[in-house]
Amino acid sequence: MRVMVTGSAGFIGGHVAEAFRAAGHEVVGLDLRTGGDIRDASVLDGLLPGVDLVAHQAAKVGLGVDVADLPGYASVNVYGTAVLLAAMARQGVGRLVLASSMVVYGEGAYDCAEHGPVRPGPRSTADLDRGHFEPFCPRCGMPLSPAAIGEEAPLDPRNAYATTKLAQEHLAANWARETGGGAVALRYHNVYGPRMPRDTPYSGVAAIFRSQLEAGRAPRVFEDGRQRRDFVHVRDVAAANLAAARAPFVTGALAAYNVASGAPRTIGELAAVLAAERGGPAPVVTGEYRLGDVRHIVACPDRAHTELGFHAAVDFETGVREFATAPLGATP
């Protein structure tokens with residue numbers, strides 16, 4: 001199979017390209033770092049002929065800094081995806097694996113002791129300033145218990161990156177319906193691993209902690225450190241792309257899957273394990289927050305296991321120990 005990987009020189013895209021090559025497939029790479037812009041239709045028309053499947057990893061990532069980032073996110077993630085899909089239609093490429101994200105859900109799933117499953121609204125600045133980090137039941141105001149979120153949950157993006165990732169899914173679904181193609185959206189949870197980019201305002205929390213430790217500084221853990229996430233190793237993410245490419249595609253539709261370990265951990269645990277592996281300094285819990293962050297997002301990985309045959313193989317302890325000393329990538 002001839003596969004085009006967008007973002008092929010990036011953190012996740014590089015691992016995805018390697019996985020396809022290792023499985024015996026021919027890979028055509030496209031990356032802004034090597035002079036290929038996803039927004040350039042002429043470049044795409046030169047690369048797509050003969051391609052059987054596109055693994056679309058190229059994106060502007062991270063929570064961002066402020067509203068000044070909106071044009072950049074929309075340009076790369078939304079417009080760039082639209083240009084890619086239009087080129088795929090022109091060149092007759094009918095299969096797409098899209099790198100989506102768990103951020104499309106907003107807050108994760110929660111259970112209320114009285115009202116059952118609920119979805120809380122965004123946390124208020126006033127509550128966060130008081131150190132009240134846990135969301136409350138929107139019906140009775142009582143504390144909630146985090147639950148695993150499935151792909152059928154309502155989508156509620158809460159920052160610019162999240163909004164553009166959901167827009168990518170909608171565009172891919174439009175493309176599939178209008179062309180008869182098949183699309184798979186892989187909703188990555190918190191990806192970490194070798195060659196993760198160094199600390200920037202757009203980096204994931206694992207890279208931020210690792211960069212702080214490498215500089216001899218204590219990892220700064222926001223809120224109270226008890227936020228729960230599903231950390232999934234980048235090699236597992238690459239394996240999920242390969243599994244999606246091998247699975248039957250549904251003609252004219254988009255199917256979405258959580259790509260996660262199924263074993264959630266807290267942000268504080270991540271910082272503590274990384275610090276211990278590097279010999280300190282110990283993490284510092286700061287109480288700071290970012291308004292666009294959600295409190296807990298825990299994934300149910302069952303659909304990917306059942307329909308794609310994908311199951312994460314790298315456990316948290318093994319993966320984080322490796323990541324503690326693995327090479328980091330260049331700043332994106």
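Note that these values count all heavy atoms, side chains included, but never hydrogens, waters or copies made by symmetry.
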- Checking D127 side chain against H132 main chain: does a donor-acceptor pair fall under 3.5 Å? no

- Item | R229 (side chain) donor-acceptor with H189 (main chain) under 3.5 angstrom | no

- Task: Quick one: do V284 and R217 satisfy side chain to side chain contact (heavy atoms under 4.5 Å, CB included)? Show the steps, please.
- Result: CA-CA 10 Å; V284 175; R217 303 191 304 270; over 6 Å; no

- Query: Got a salt bridge between K165 and E169, using NZ or NE/NH1/NH2 to carboxylate O under 4.0 Å?
  - Reply: no

- Pairwise side-chain contact, E223 with I267, heavy-atom cut-off 4.5 Å (strictly under): no

- Verdict with reasoning, E317 to R265, per salt bridge (Lys or Arg N to Asp or Glu O under 4.0 Å): CA-CA 11 Å; E317 288 78 11; R265 300 299 184 108; 2.6 Å; yes

- Message: Run L48 and M4 through side chain to side chain contact (heavy atoms under 4.5 Å, CB included) and show every step you take.
- Response: CA-CA 7 Å; L48 283 169; M4 178 174 169; 3.3 Å; yes

- Side-chain heavy-atom pair V78, L171 within 4.5 angstrom cut-off: yes

- Message: Could you tell me if the side chain of T325 sits less than 4.5 Å from the side chain of E277, heavy atoms only?
- Response: no

- Item | Approximate separation, where rounding is to 0.5 Å, of E214 CD and L328 CG | 5.0 Å

- Item | Audit row: N241, Y188, side chain to side chain donor-acceptor pair (under 3.5 Å) steps and yes/no | CA-CA 10 Å; N241 276 265; Y188 302 159; 2.9 Å; yes

- Determine the interplanar angle of the Y73 and Y161 rings, folded into 0 to 90°, and report it as parallel if under 30°, tilted if 30 to 60°, perpendicular if over 60°. tilted

- Query: Which heavy-atom pair separates A162 from V104 by the least distance, and what is that distance?
  - Reply: O-CG1, 4.2 Å

- Query: Above 12 or not: heavy atoms from other molecules or residues under 6.0 Å from CZ of R90?
  - Reply: yes

- Could you grab the distance from atom CZ of F249 to atom CG of L53, nearest 0.5 Å is fine? 5.0 Å

- Message: When you compare the side chain of V237 with that of V232, does any pair of heavy atoms fall below 4.5 Å?
- Response: yes

- Message: Would you say that V273 contacts F316 through its side chain, given a criterion of any heavy-atom pair below 4.5 Å between the two side chains?
- Response: yes

- Query: Any side-chain heavy-atom pair from P194 and H233 closer than 4.5 angstrom?
  - Reply: yes

- Item | Exam field: side chain D111 to backbone S145, donor-acceptor pair closer than 3.5 Å | no

- Are there more than 12 heavy atoms of other residues, nucleotides or ligands under 6.0 Å from atom CE of M142? no

- Message: Is it the case that over 12 heavy atoms from other parts of the model lie below 6.0 angstrom from the CZ atom of F222?
- Response: yes

- Can you find a side-chain donor-acceptor pair between R187 and Y105 that sits under 3.5 Å? yes

- Query: Side chains of L44 and I38: closer than 4.5 Å at any heavy-atom pair?
  - Reply: yes

- Item | side chain to side chain contact (heavy atoms under 4.5 Å, CB included) assessment of R119 paired with I149 | CA-CA 10 Å; R119 295 296 301 280; I149 196 162; 4.1 Å; yes

- Query: Between the side chain of R303 and the main-chain N/O of A256, is any donor-acceptor distance below 3.5 Å?
  - Reply: yes

- Message: Before you tell me yes or no, could you show the steps for S261 and D230 under side chain to side chain donor-acceptor pair (under 3.5 Å), namely the whole-Å CA-CA distance, both residues' side-chain angles and the distance that decides it to 0.1 Å?
- Response: CA-CA 6 Å; S261 71; D230 192 308; 2.7 Å; yes

- Query: Is R226 salt-bridged to E134, going by a charged N under 4.0 Å from an acidic O?
  - Reply: no

- Query: What's the verdict on side chain to side chain contact (heavy atoms under 4.5 Å, CB included) for E269 and V320, showing C-alpha distance, side-chain angles and the deciding distance?
  - Reply: CA-CA 10 Å; E269 285 179 279; V320 175; over 6 Å; no

- Is any side-chain N of the basic residue among R321 and D315 closer than 4.0 Å to the acidic one's carboxylate O? no

- Message: Within the supplied structure, the quantity of interest is the number of heavy atoms (other residues, nucleotides, ligands) at a distance under 6.0 Å from H25 NE2; does it exceed 12?
- Response: yes

- Does the N258 side chain pair with the main chain of C300, one donor and one acceptor, at a distance under 3.5 Å? yes

- State, yes or no, whether a side-chain contact exists between C137 and E114 at a heavy-atom distance under 4.5 Å. no

- Message: Using modelled atom types and a 3.5 Å cut-off, is there a donor and acceptor pairing between side-chain atoms of H296 and backbone atoms of G108?
- Response: no

- So, Y289 side chain and F133 main chain: donor-acceptor pair closer than 3.5 Å or not? no

